[in-house]
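Structure first, then comments.
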Amino acid sequence: MEFINIALPKGRLGEKVYRLFAEAGYPCPSILEENRKLVFENKEKGVRYFWVKPTDVGIYVERAAADIGIAGKDILLEYKPEVYELADLGVGRCRMCVAGKKGVHDSRENTLRVATKFPHIAKAYYSSLSREIDIIKLHGSIELAPLLGLSDVIVDIVETGKTLLENDLEVKDTIVPISARLIANKVSYKFKHKEITALCQRVDALCQEGKL
Amino acid sequence: MEGTERIAGRLRELYRQHGYVQYKMSKFEPYDLYGRNKDFLVSERILTFTDTDGRLMALKPDVTLSIIKNAKGGGGLQKVYYHENVYRVSSSTHGFREIMQAGLECLGEIDLTAMGEVLLLAAKSLETVSGDYLLDVSHLGFAAGLLDAGDVAEADRREILARMGEKNVPALAARCRELGLAERVAADLVGLTGLYGRPAEVLPALRGMVRNDRMAAALEELEAVCALLGDRGDHLRLDFSIVNDMRYYNGFIFRGYLPGLPSGVLAGGRYDNLLRKMDRQDAAIGFAVYLDLLERLEQPKERFDADVLLLYQKDTPPAVVLQAAEECRRQGRSVRVERQAPEGLAFRTIQEVR
């Protein structure tokens, strides 16, 4: 039997999703051991897991290094990989938001300076509003930008809003709700159709039951 | 590249066997042709330059448009194949790349025989690379008919088709609810998106979805073409997530896949709508094979750069050296002659001439 190669995003979300997969009948106990291995196999169940940087999941799947993967909708919207989006796992829920300093009113007079890790999403959003913007691409600590006057607003993921609150920032607009999606390589989906759809159905069924 | 060349050769031979004639074109054409039909091209970016007479020219990003432009009208079919390099922006490097492409086009009065032959040639093309191929088929008329039945406005169709293309059932269902589509139509759209399987398995489910003449005609054509593939029909899969741009394509479409490649290697279908845009009243069907992808399938390269490294001394007579090398070659071995072993190259054996 051929393996299904699964790319999991490193971090809390990935661990949560692995537990879901294990419960759906695709466990791989070695993955929980503390070691430096990168690839984990369960021959009996025909699955091979590996951890990758969350922003890279789309690439692994698009290029068929992984048959399926778990990626946040934010990553899919930003990088637009050519993949199938088979299920919404409903975990890792958050929102893609525009945030800025509390009380500061946005006027359309000036070009809006937007700091973000997601330039494509920000561009698409503001172009839908016919708004001219200046994109400032950052790789982290986005919230700092409006505080230091680097940008007028930020476009970023907001989960609880705690960081914003503590820094005197507030959500101005919600662009799109985000959650983790099960994605599949288009060719793998065809050649491993039975295995992938079976896995997808089991995992989806668990999600619908609200197991997470 | 050697493997790809060999496959390209076999494809040319295959198309010739079916009476297709080669279409050769120059590297560049007036930009106008491509500029007017940008949406038809895989990538909108075109490499242009100004010719000596001031005309804007383009390095060809596509062969099909040129074939249509130059095809003669009138009775009978125009059957041509091509094997050309095209110039496109690669999504990964954002730079222009030269991509080797083969394919064929059949223009004129396209009937079931012509469609069956083209699909058969698509299957045979994939067969030249691997016996383990899959050929997905779909019919745009079927999905369009279903959207007609749901009274979906033109503006909303693109997005629905995009969600179908992603097999994104949750988003598709949500969008249908937002648009207020009839529940049954929405359920069938969702069902259609999730379908994947051999014609015999999928066709019964499709029959239950037929609501109007457009869908009935599409289904009839799809069934009829699939039936023409004979033994090769086992490689066919129906998949309504392959949705080409409906402004150019209409009707029957297909995609070919090989194991070990990350994306489809063959794509084609009916594109009568493109001909209408170019003021032609007849029909057309064809496909392209993305030969550049096949490089990925090639076996690891030969570990040796030559069989023999023949070393000689400063005072070795040249005639003796060359003769010794020729002797080796007569035995069928490749030989490199040098004074000292070159760095970074590998040889099966190293010999010295005295």
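To find a chain, count down the sequence lines: A is the first, B the second, and so on, and within it residues start at 1.
Counting non-hydrogen atoms of other residues, nucleotides and ligands closer than 6.0 Å to CZ of Arg158(B) gives a total of 12 or fewer. Atom OH of Tyr60(A) sits in a sparse spot, with 12 or fewer heavy atoms from other residues, nucleotides or ligands closer than 6.0 Å. Within 6.0 Å of NZ in Lys137(A) there are more than 12 heavy atoms belonging to other residues, nucleotides or ligands. With a 6.0 Å radius and a threshold of 12 heavy atoms from other residues, nucleotides or ligands, Glu178(B) has its CD atom above the threshold. The number of heavy-atom neighbours closer than 6.0 Å to CD of Glu132(A), taken from other residues, nucleotides and ligands shown, is 12 or below. Other residues, nucleotides and ligands contribute more than 12 heavy atoms inside 6.0 Å of the NZ atom of Lys172(A). Within 6.0 Å of atom CD in Glu82(A), 12 or fewer heavy atoms from other residues, nucleotides or ligands are found, so the atom counts as exposed in its surroundings. Enclosure of atom CZ in Arg108(A) by more than 12 non-hydrogen atoms of other residues, nucleotides or ligands within 6.0 angstrom is indicated.
Closest of all the heavy-atom pairs between Arg63(A) and Arg296(B) is O-NH2, 4.1 Å. A pairwise comparison of heavy atoms in Ser241(B) and Tyr84(A) identifies OG-OH, 3.0 Å as the closest pair. Taking all atoms of both residues into account, the shortest heavy-atom contact from Val187(A) to Tyr257(B) is CG2-CD2, 3.5 Å.
Proximity to chain A (any heavy atom under 4.5 Å) is shown, for Thr193(B), by neither the backbone nor the side chain. Looking at Asp88(A), both its backbone and its side chain come within 4.5 Å of chain B, counting heavy atoms on both sides. The contact between Val83(A) and chain B is made entirely by backbone atoms, counting heavy-atom distances below 4.5 Å. Of the atoms belonging to Lys73(A), it is side-chain heavy atoms, and not backbone ones, that fall under 4.5 Å from chain B. When heavy atoms are compared at a cutoff of 4.5 Å, Pro170(B) approaches chain A solely by way of its side chain, counted from C-beta outward.
With rounding to the nearest 0.5 angstrom, the CG atom of Asn168(B) is 6.5 Å from the CZ atom of Arg181(A). Distance check: His193(A) NE2 to Asp239(B) CG gives 8.0 Å after rounding to the nearest 0.5 Å. The distance from the CG atom of Leu258(B) to the NZ atom of Lys190(A) is 13.0 Å, given to the nearest 0.5 Å. Atoms NZ and NZ, on Lys186(A) and Lys167(B) in that order, are 9.5 Å from each other to the nearest 0.5 Å.
Counting heavy atoms from C-beta outward, Leu86(A) and Glu166(B) have side chains that stay 4.5 Å or more apart.
The aromatic rings of Tyr196(B) and Tyr189(A) stand perpendicular to each other, their planes meeting at an angle above 60°, with 30° marking the opposite boundary.
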